[in-house]
Amino acid sequence: MGGERRPLSRRTVLATMGALPVLTAAASVLGASEAAAATAVIDPSVRRQTIRGFGGMAHAAWAGDLTAAQRDTAFGAGEGRLGFSILRIPVGENQSDWSRDLATAKRAVELGATVFASPWNPPAGMVETFTRGSQTNAKRLRYGSYAAYAQHLNAFSTYMRNNGVNLYGISVQNEPDYAHDWTWWTPTEMVRFLRENAGSINTRVIAPESFQYLKNMSDPILNDSAALANVDIIGAHLYGTPYSNFPYPLFQQKGAGKELWMTEVYHPNSSDSADLWPQALDVAEHMHRAMVEAEFQAYVWWYIRRSYGPMREDGQISKRGAMMAHFARFVRPGYVRIGATANPASNVYVSAYRGGDTIVIVAVNKGTSAVSQQFTLANTTVSSASSWLTDASRNVAPQGTIPVSNGSLTVTLPARSVTTFVTTVGDGPSPTATPTATPTVTPTGGPGTGPRVTYTMSTWNNGFTAAISITNTGTSAINGWTLAFTLPSGQTITSGWNATYSPSSGQVSARNVDYNGTLAPGATIEIGFQATHTGDTAEPTAFTLNGVPCVVA
C-alpha cells in the first residue's frame, strides 16, 4: 500500500513478540443449542469513566483525504454511519502542509466531533541525529529547541483555531518509543519537556502515546508532579498490548483530574481484510476490554479509510467498522460507563453506559452457539429497549423493540454477533427518602459545617474546564440540589456534564440531573463544564447549595 505508515519490519516485530491477541472464536463450550448465561446486572449507581468518544485518523499526505461523502459516513451518527465523535490529525513539521487535513477536520467539527493532533517530527531545523543501537541516523529534538518546539505546537493549534477547528488537545510526540522512522524521545526527555515547556502550550497536552502502552513511558510522568501538572491526557497506543497490561493502577492512584485515552490502534492486524468474519469480532472484544479493563475514555483507530479499517477504500463500512459503530453511534460523548456484569458466560462480553435518561448496553457473543441472556437493570423503571445487530450477514441492523418487564429483559444473542441495546429509564424511588417538590438541605451547625465544594480549573489561552465536587457534610440526605455560583466577567459555559447549567455566564445555577439528585450523608458527586474566557481565569469565590453557603476546600 503506497504511503503506508507502518513498514513490514514493524509487523514482523509485533508478530515475533507474539503479543497481538488474534482471538479466533473457538468451539463453544455451551453446546450446539442455545445456552443460558448468568444474569447480567446493569447498575446505573456504579459510575466509572466519562466517555469522550470513538474515532480514527485522517492523514491526507499518507492515505489521501476523505471525500465529502466519506466524512459524513465517518462522523454522522444515523443509520449507515460510523458515528465517530473523535478525529485525529497529524501536526505537519512544515506549515505548508497544515491545510491538508483541514477540510475533513472542519466537517468533523460541524458534525459534533472532537479533533486532536499528533506530531511525528519537529521542524527539521530543531532536530539532531544520533546513534541509537544499530541506527546511526536516529533523530531527536535538540534540547535548545524545546521552547521553540512548544511554540511550533502552539502555532499549529492557532492555525487550526483561526480556520474554524478548536483542537481539544495536542500531543508532544507520536510513539516516542518506536520511532525508527520519526523522532525518538526517552522518558527523561519527555518529562523534562513537560516540566519546562508544556505549560506554555495553548491547548490540552497529550503524552506520551507509547506504541504499546509501555508504562516505563508514562510512569515517570505520573510520578513527577511538575510534569503531571502540565499534562491533561495520558495517551497510549495498544499495538500488541496483552490484555493483562490494560489496567493501570498508577493512573488510578495519581491521575485525578486527568483523562486516559487510547489514541491509536489497528486490531488484530493490518494484513487481513476488515470484512474477514468472524475475525472482526476481535475488534469488539478489544473495545470492550479497553473500556472495562483499561477504563479508557477514548478509543481511536488508525486510518479511518483502509482495507483493514472501519471504512473500506470504496467508502463502505466494513465488518470491523460495524464493531466500532456498535459503540460509537450509541455511546456518545459525555456518557458514563456504569456497572455491568462484564462476562456473564464464556465468550460473552457486556458493558453499559448512561447519558441522561438513556442507557446503552453493548453485548458481544464470540461463541459458536447462541446464548439466552437476561439483563436486569437495577433501581430503574424501563418499558422497552431498541436493539441493533451485527452478525455474519448483517451490519448494525435495527431489530425493533423488546419489551422489558420488572426491569428485566431476556434476549437471544446469536452466535458470533454483537448487539447494542438502547433504552430510556427512570430512577426508582429512593429506599431511604422521598424526593420533595422543593429541594432542601439542612445545615448541621456553625461556621465551616456547610456542604463542601472543590473547584479545579484547567486553563488554556481562551478556554478552560472546571471540575467540581460536592460533598454532603450533613447527617441527612439531600434530595434534589442546586449549586449556585458567579462566574467572573468574560467566562461563558459552552458545555457541561452531570448537571444542567443556566444561564451560561454571570450568576449560574447547576442543577442535578435525574440520576444524581440524591446526595447521601458523606457522599460526594462530581460535575463539571467547559467554558471560554476573555483573559480572566479567576475562580468563583463563593458557592451555595440549595441556598446554604458551602465550605470551599
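If you read the sequence from its start, that first residue is 1, and numbering goes on from there.
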*Which atom names give the shortest non-hydrogen contact between Ser85 and Arg52, and what distance separates them?*
OG-O, 4.0 Å
*For the residue pair Asp282 and Pro268, what are the closest heavy atoms and their distance?*
OD2-CG, 3.9 Å
*About how many Å separate CG of Asn162 and CE of Met160, when rounded to the nearest 0.5 Å?*
10.5 Å
*Pairs in or reaching into residues 194-206: which pass salt bridge (Lys or Arg N to Asp or Glu O under 4.0 Å), with residues at least two apart or in two chains?*
Arg192-Glu196, Arg195-Asp224
*asked:* Within this structure, what is the CZ-CG distance for the pair Arg140 and Asn121, rounded to the nearest 0.5 Å?
replied: 15.0 Å
*Just do the side-chain contact (heavy atoms from CB on, under 4.5 Å) check on Tyr455 and Val552 with the steps written out, would you?*
CA-CA 8 Å; Tyr455 186 94; Val552 181; 5.6 Å; no
*Which atom names give the shortest non-hydrogen contact between Pro90 and Phe156, and what distance separates them?*
O-CZ, 3.5 Å
*Should Arg88 and Glu209 count as an ion pair when the cut-off is N to O under 4.0 Å?*
yes
*Nearest 0.5 Å please: distance from the NE2 atom of His326 over to the CG atom of Leu82.*
11.5 Å
*Worked verdict on Arg511 versus Thr500 for side-chain hydrogen bond (donor to acceptor under 3.5 Å, both in side chains)*: CA-CA 5 Å; Arg511 294 181 174 83; Thr500 58; 5.7 Å; no
*Partner of Met126 under side-chain contact (heavy atoms from CB on, under 4.5 Å), chosen from Arg142, His152, Glu93*: His152
*Between the side chain of Asn512 and the main-chain N/O of Trp481, is any donor-acceptor distance below 3.5 Å?*
yes
*Would you indicate whether the side-chain heavy atoms of Leu483 and Cys550 approach each other to under 4.5 Å?*
yes
_Ile470 side, atom CD1; Ile525 side, atom CD1 - distance, nearest 0.5 Å_ = 4.0 Å
*State which residue, out of Tyr299, Phe251, Tyr168, Phe54, fulfils the ring pair (Phe, Tyr, Trp, His ring centres under 6.0 Å) condition with Trp261.*
Tyr168
*asked:* For His237, is there any backbone N or O sitting under 3.5 Å from a side-chain donor or acceptor partner on Gln212?
replied: no
_Looking at Gln173, is its backbone amide N or carbonyl O close enough to the side chain of Trp182 to form a donor-acceptor pair, meaning the two atoms are under 3.5 Å apart?_
no
_Please determine whether side-chain contact (heavy atoms from CB on, under 4.5 Å) holds for the pair Thr158 and Asn202, giving the CA-CA distance in whole Å, both sets of side-chain angles, and the decisive distance to 0.1 Å._
CA-CA 8 Å; Thr158 299; Asn202 60 17; 3.4 Å; yes
*asked:* Ignoring hydrogens, what is the shortest heavy-atom contact between Asn166 and Arg161? Give both atom names and the distance.
replied: OD1-CG, 2.9 Å
_Derivation and outcome, ring pair (Phe, Tyr, Trp, His ring centres under 6.0 Å), residues Phe193 and Trp185_ = CA-CA 10 Å; Phe193 178 83; Trp185 292 65; 5.5 Å; yes
*Answer yes or no: is there a side-chain heavy-atom contact under 4.5 Å between Thr183 and Pro176?*
no
*Any donor and acceptor pair, going by atom type alone, linking the side chain of Gln297 with main-chain N or O of Gln49 inside 3.5 Å?*
no
*How long is the span from the OG atom in Ser210 to the CD1 atom in Ile234, to the nearest 0.5 Å?*
11.5 Å
*Short question: side chain of Asp232, backbone of Val205 - any donor-acceptor pair under 3.5 Å?*
yes
*Counting distance only, does the side-chain N/O of Tyr149 pair as donor-acceptor with the main-chain N or O of Val172 below 3.5 Å?*
yes
*Contact check, side chains of Val425 and Pro44, non-hydrogen atoms, under 4.5 Å*: no
*Could you check whether the rings of Phe464 and Phe529 sit parallel, tilted or perpendicular, using 30° and 60° as the cut-offs?*
perpendicular
*Answer yes or no: is there a donor N or O on one side and an acceptor on the other, between the side chain of Asp177 and the main chain of Phe211, under 3.5 Å?*
yes
*Going through the distances and angles, do Ser469 and Thr454 end up as a side-chain hydrogen bond (donor to acceptor under 3.5 Å, both in side chains)?*
CA-CA 5 Å; Ser469 65; Thr454 63; 2.2 Å; yes
*asked:* Using the rule given for side-chain contact (heavy atoms from CB on, under 4.5 Å), can you reason through Tyr353 versus Phe330, listing the C-alpha separation, both sets of side-chain angles and the distance that settles it, and then say yes or no?
replied: CA-CA 9 Å; Tyr353 311 84; Phe330 306 100; over 6 Å; no
*Is there a side-chain contact between Asn163 and Trp98, using heavy atoms and a 4.5 Å cut-off?*
no
*Under the 3.5 angstrom rule, does the side chain of Thr486 hit a backbone N or O of Gln507 as a donor-acceptor pair?*
no
*Please determine if Arg132 forms a cation-pi arrangement with Trp184, meaning its NZ or CZ atom is less than 6.0 Å from the six-membered ring centre and no more than 45° off the ring axis.*
yes
*Is any side-chain N of the basic residue among Arg107 and Asp72 closer than 4.0 Å to the acidic one's carboxylate O?*
yes
*Check Tyr243 against Glu293 and note the closest heavy-atom contact, atom names and distance.*
O-OE1, 4.0 Å
*Side chains of Phe327 and Val360: does their closest heavy-atom pair fall under 4.5 Å?*
no
*Please identify each residue that fulfils side-chain hydrogen bond (donor to acceptor under 3.5 Å, both in side chains) with Arg329, with sequence neighbours left out.*
Glu79
_I'd like to know whether Glu110 forms a side-chain contact (heavy atoms from CB on, under 4.5 Å) with Phe75, so could you lay out the CA-CA distance, the side-chain angles of the two residues, the decisive distance to 0.1 Å, and finally the verdict._
CA-CA 9 Å; Glu110 289 172 358; Phe75 300 102; over 6 Å; no
*Do the two ring centres, one from Tyr248 and one from Tyr213, sit under 6.0 Å apart?*
yes
*Hey, would you say the Tyr239 and Tyr178 ring centroids sit under 6.0 Å apart?*
no
*asked:* How long is the straight-line distance from CD1 of Ile89 back to CG of Asp101, given to the nearest 0.5 Å?
replied: 6.0 Å
_Pairwise side-chain contact, Glu526 with Arg47, heavy-atom cut-off 4.5 Å (strictly under)_ = no
*For residues Phe246 and His286, establish whether the separation of their ring centroids is below 6.0 Å.*
yes
_Using every non-hydrogen atom in the two residues, find where Ala179 and Glu175 come nearest and quote the distance to one decimal._
CB-O, 3.8 Å
*Give a yes/no verdict on a cation-pi contact between Arg306 and Tyr266, requiring under 6.0 Å between NZ or CZ and the six-membered ring centre and an angle within 45° of the axis.*
no
*Ser145 side chain vs Ala148 backbone, donor-acceptor pair below 3.5 Å*: no
*asked:* So does Asp65 get a backbone contact from the side chain of Arg305, meaning a donor-acceptor N/O pair under 3.5 Å?
replied: yes
